[in-house]
Number of protein chains: 2
Amino acid sequence: MLDIVRQDNEEPSTGAGRVFTFFRDRLLSGELKAGDRLLGERELALALGVSRPVLREALRSLAMLGLLDIRHGRGAYVRSADASVLGQALTLCLAPEPNILDDVLQARIAIECQAIRLACLRASERDLQAIAALLDTLVDSLDDPERGGGTDYAFHLAIVRASGSGALMKIYEAISPLLMRSHVERRRDTFREPAITSGLVDAHRQVFLALAERNPDEAERRLREHFAIGDGLRRNNLISTYQRQGMDT
Amino acid sequence: MLDIVRQDNEEPSTGAGRVFTFFRDRLLSGELKAGDRLLGERELALALGVSRPVLREALRSLAMLGLLDIRHGRGAYVRSADASVLGQALTLCLAPEPNILDDVLQARIAIECQAIRLACLRASERDLQAIAALLDTLVDSLDDPERGGGTDYAFHLAIVRASGSGALMKIYEAISPLLMRSHVERRRDTFREPAITSGLVDAHRQVFLALAERNPDEAERRLREHFAIGDGLRRNNLISTYQRQGMDT
DNA sequence: ATCATAGAGTGGTCAGACCACGGACTGACC
DNA sequence: GGTCAGTCCGTGGTCTGACCACTCTATGAT
């Protein structure tokens, strides 16, 4: 029943595995901090009692996981925790799944709705100001789809950041790459007509107002509404696109 | 602004990096499926034009990421996508964060609330039956804290599964290890008194009933209530513990 | 003072060899 | 004929030692 949760307490049988967990644990315990420089490969291999190839396998693995930054001629440095690795891992895990692009939207809604509830409780004045500023930027960048899309994302990200929850933030960043792919894939179907975009700004403003009033239920409600409308629009556009195709035939 | 989302399109300068992305892309495109067996290291090295150590660095990295299952004397096999890697990555990413254990609960609430909404729309009869069965098991295992905890987790997991969202499911599995740590750490403070446990069962039943009635708003409301009560209990227990400590002093 | 150059230190790569493990084949024995 | 043990081969695991390529720095000449 709880297989999923089982921690691998098994001692890795292979040397590279041992070295890997050695460094991973130091990283977890904070004994190794971001920016620290590791010893040279030859010295490290000697110190850990393994050969250089074995050490390199472990180091390379840590680098691929984004935990290390190894640079030719300079050395290996501990990298700050980066959500991009998480994003890659998530992408890999979700790859075999069907409808990932649509499905990841559900995760987005989940994170944001909880984030805005927390934000209503914990957002600082600076957080609110930042979000308000992005709202202005959103209005300014209505005519530029590229910039507008970026601002849109930044607005939502700012809300998650205002939640003060590192976990929500990291997960949100992790699904961002997939979110972007979904966004790009969908851009073919969506058209930024004035009626749509003005409604978009208004929806964002409503969400922000509820947040500024520190009203969690209302904020979540409006956010869900915003997502639902976006979903409806996409559906309609899709339908009209098919209809157009039908007429062309 | 969108740095986070930037995909690394840069060609890896190192040989191991090239081999790594080579296999990663095959994995992503589905060209390599779970269960497939890779060629031997010597043949692969020859085929890809790199030396065996370099190839091994790449393979080992893929194995550390959980994408490959390399077994001594047998060979390297493609592993099915596994959320445990995600969990590890998440743990690593969140390690430097303060209050992770509490914070990850926020992520849990986020996922579950959205999941139960979806479940109200998409849960099959089998899903509902499975959840109902777990509810019964929960009642049966009231006196066994260990088994009760497991059933509790299984109940919530079943709800997420009933949402039919792979993304939510994977993320939920990913935070499970941290959730467990949080649970264990807290078990010192919580006591399974009859009054508490009976209330617990009732809360679960209420959630299930709303789900069975396919009422998203009510289901989410009851779920949030359930979490809030648990939170309150923890707080009270913590306080009483401190008070006891104060009396002991 | 500035710049070019040489050296040292570091990661990147390679070749070849040997060890350890797992499975399959083969043979003897029951 | 069936079963079991032993052997062999293919596989990953490890090691050594060497050489290449990159980066920085110190040294020297201009």
Side-chain angles (χ1 to χ4, degrees), chain A residues 8-24 26-27 32-80 82 85, chain B residues 8-24 26-27 32-80 82 85:
Chain A
D8 9 13
N9 296 323
E10 345 137 6
E11 192 81 358
S13 57
T14 134
R18 275 193 302 274
V19 176
F20 178 85
T21 61
F22 173 83
F23 281 110
R24 193 199 54 185
R26 310 281 143 144
L27 253 19
L32 282 173
K33 303 178 305 295
D36 287 358
R37 185 181 179 284
L38 266 51
L39 265 49
E41 295 187 349
R42 294 162 182 84
E43 303 164 76
L44 265 184
L46 199 61
L48 297 179
V50 295
S51 69
R52 209 177 143 212
V54 168
L55 178 86
R56 277 182 60 82
E57 286 176 20
L59 255 36
R60 174 76 48 201
S61 298
L62 291 162
M64 292 300 179
L65 264 167
L67 301 173
L68 246 43
D69 190 9
I70 304 178
R71 272 175 293 182
H72 195 167
R74 307 238 346 239
Y77 297 81
V78 176
R79 212 149 87 160
S80 60
D82 188 350
V85 204
Chain B
D8 5 18
N9 297 321
E10 345 138 5
E11 190 83 358
S13 57
T14 137
R18 274 194 302 275
V19 176
F20 179 85
T21 60
F22 173 84
F23 281 109
R24 192 199 56 186
R26 308 284 145 142
L27 252 20
L32 282 173
K33 303 177 303 294
D36 287 358
R37 184 180 179 284
L38 266 50
L39 266 49
E41 294 187 350
R42 295 162 180 83
E43 304 164 75
L44 265 185
L46 197 64
L48 298 178
V50 294
S51 69
R52 204 175 149 217
V54 168
L55 178 86
R56 277 182 59 82
E57 287 175 20
L59 291 185
R60 173 77 48 199
S61 298
L62 292 161
M64 292 300 178
L65 263 167
L67 301 173
L68 245 44
D69 189 10
I70 305 179
R71 271 176 294 186
H72 195 166
R74 307 232 351 236
Y77 297 81
V78 177
R79 210 147 89 162
S80 60
D82 186 351
V85 205

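Every chain is numbered from 1, with letters handed out A, B, ... down the list of sequences.
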Q. CG of L48(A) versus C1' of dT14(D): gap in Å, rounded?
A. 15 Å
Q. Do any N or O atoms from the side chain of R37(A) and from the backbone of R74(A) form a donor-acceptor pair under 3.5 angstrom?
A. yes
Q | Option passing side-chain contact (heavy atoms from CB on, under 4.5 Å) with I70(B) (candidates L62(B), L59(B), L38(B)) | A | L59(B)
Q: Using a 4.0 Å heavy-atom cut-off, write out nucleotides 6-12 of chain D from 5' to 3' as B (base contacted by protein), S (sugar-phosphate only) or - (no contact).
A: ----BBB
(Q) So if I take every side-chain heavy atom of T14(A) and compare against dG12(C), dG13(D), dT16(D), which nucleotide ends up nearest? (A) dG13(D)
Q) Of all the nucleotides listed (dT16(D), dT13(C), dC14(C)), which has the minimum atom distance to the side chain of P53(A)? A) dT16(D)
**Q.** For the student: nearest non-hydrogen atoms of E41(A) and L55(A), plus distance
**A.** O-CD2, 3.3 Å
Q) Expressed in angstrom and rounded to an integer, what is the separation of L55(B) atom CG from dG16(C) atom P? A) 17 Å
Q.
What is the separation between atom CG on L44(A) and atom P on dG9(C), rounded to the nearest whole Å?
A. 17 Å
Q) Stepwise, does the side-chain contact (heavy atoms from CB on, under 4.5 Å) test hold for T14(B) with R60(A)? A) CA-CA 10 Å; T14(B) 137; R60(A) 174 76 48 201; 3.8 Å; yes
**Q.** Residue list, side chain to side chain contact (heavy atoms under 4.5 Å, CB included) with L39(B), at least two apart or on another chain
**A.** E43(B), L44(B)
Q | Test side chain to side chain contact (heavy atoms under 4.5 Å, CB included) applied to R18(A) - qualifying residues, sequence neighbours left out | A | E11(A)
